[in-house]
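Step one of this worksheet: look at the structure below.
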Amino acid sequence: MLTKRIIPCLDVFEGRVVKGIHFKNLVDVGDPVELAKFYNDEGADELVFLDIGASYRSKSLMLDMVNKVSQVVFIPISVGGGIRTVEDIRNALLSGADKVSFCTAALMNPELIREGARIFGSQCIVLSVDAKKEDNEYFAYKLGGRVNSGMKVLQWVKLAESLGAGEILLNSIDRDGTKLGYDIELLRAVTDCVSIPVIASGGAGELYQIYEAFSLGNADAALMASIIHRKEFGIKEIKRYLKDRGINVRL
Amino acid sequence: MIGIIDYGAGNLFSVLNSIRYLGYPVKVLKDPSEFKDVDRIVLPGVGSFGIAIQNLISSRFYNSILEWIDSKRPFLGICLGLQLLFEFSEESPGVKGLSIIRGYVKKFNVKKVPHIGWNLAMVCGDSAFSKSLKDDFYYFIHSYYVVPEEDVGLFKTEYYIEYISGIIKDNIVAVQFHPEKSSFAGLNFLKKWIELC
């Protein structure tokens, strides 16, 4: 039976893996290659690198890093942040990434999903959705979660699926950084409406919340950052907890 | 020397990197004339069945692969590289596959397609190679699966249905999962193939 995935998200700024709150007080988390090896040893099912720098230079430094990681760590690697064109997708894949994710670029130009899937295959196209509830309705936000695109989340993920997206990375802006748990209502709504895998993101703080993303939210994977970077929980510990409660994971 | 066939079907780097990481000499083959430099070949691949067969023909690898397999030298197919060995695929009606294994390639008719993520590959068959392997988790990403019409199963996997996720026949080993993306289990599988097949 297919297992549920646990995916560490590494924020990258100018080629360094960093942590910080809202781009302030950025602190180096460690050597990217060592960190990737560590999470791989711990049982991470995939790695996501997210460039939080806005510059071309920052993105290209991240791709150098991904290239180094892909030579010693053999699990799927996704990259996101600043992917805007087919050329950007190509460069990321040539650097050793297996998948790319994009959010704003797809909202501005949904054809990017279709073109990316046609040229490189759906398996490498991850649509990232930053969702926020407004007037009892979820909307897809763009530009780092600052601007409401006006597009309803459910409408957007259905369209993206039909254009060839291979997976949905579903991030809750309301929950991001709160440790209140993944937005189960949002997850459930999206997993009920598409047949491609959905990765839960935003809000993980406690083990039971990760469990609920799978058991109640029907997520296929859970993305997490601070709780594992701060070593509040180890990936092995998370997976044991899930397994004890009947969630199928790779241990 | 291990050769990885480059016929324009996507990313070869992870296969190359993983074999290099294991410490074996490996190179990318851009032309069938380079087959003489290697003693085992790997056929990777992502993308569509029809385009891959077209590319194998236009790059002249098609016949060379048939000859290589005929000569009983070691061959490993990965993902689409497994599917191409069959007679035809529902993905590309009218396109003839390498037809080395009797059977065809079928689309998953289940709730969630593609099958993405880590799943258990259960060893089956009684070849010497299968006896050296154990059940393990590997990374899968595919929408089609093979339906062999001969007894060649090396692995089987459950995804809504049970299907054959790896085959072995004489000098041919081919798997649906990506050993080059399956962490320690995948590296171990590649090492065993290099040492035992």
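Quick caveat, the model's predicted, so the values are computed rather than measured. Per chain, numbering begins at 1; letters A, B, ... match sequence-line order.
With a 4.5 angstrom heavy-atom cutoff, B:H115 touches chain A only via side-chain atoms. In this structure, chain B has a heavy atom under 4.5 Å from the side chain of A:R5, while its backbone stays farther away. The contact between B:S18 and chain A is made by backbone and side chain atoms together, counting heavy-atom distances below 4.5 Å. Both the backbone and the side chain of A:V72 come within contact range of chain B, each with at least one heavy atom under 4.5 Å from a heavy atom of that chain. Looking at A:K99, the atoms closer than 4.5 Å to chain B (heavy atoms on both sides) all sit in the side chain, from C-beta outward. With a threshold of 4.5 angstrom between heavy atoms, B:L16 does not approach chain A through any atom at all. Looking at B:K111, only its backbone comes within 4.5 Å of chain A, counting heavy atoms on both sides.
Ranked by heavy-atom pairs under 4.5 Å with chain A, the first of B:Y159, B:F140, B:W118, B:Y139 is B:W118. Across A:K4, A:M1, A:E167, A:Q123, the residue that shares the most heavy-atom pairs under 4.5 angstrom with chain B is A:M1. Ranked by heavy-atom pairs shorter than 4.5 Å toward chain B, the options A:N67, A:L251, A:D41, A:N248 are led by A:D41. Between chain A and the options B:Y21, B:Y160, B:F184, heavy-atom pairs under 4.5 Å are most frequent for B:Y21.
Heavy atoms of other residues, nucleotides or ligands lying less than 6.0 angstrom from CG of A:D192 number more than 12. Around the CG atom of A:D244, the shell of radius 6.0 Å holds more than 12 heavy atoms that belong to other residues, nucleotides or ligands. Within a 6.0 Å radius of CZ in B:R73, more than 12 heavy atoms belonging to other residues, nucleotides or ligands are found. Within 6.0 Å of CG in B:D126 there are 12 or fewer heavy atoms belonging to other residues, nucleotides or ligands. Annotation for B:K27: atom NZ counts as buried by contact number, over 12 foreign heavy atoms lying within 6.0 Å.
In this structure, CZ on B:F137 lies 9.5 Å from CG on A:L2, to the nearest 0.5 angstrom.
Judged by distance alone, the side chain of B:K112 and the main-chain N or O of A:S195 form no donor-acceptor pair under 3.5 Å.
Between A:E46 and B:I116 the shortest side-chain heavy-atom distance does not fall below 4.5 Å.
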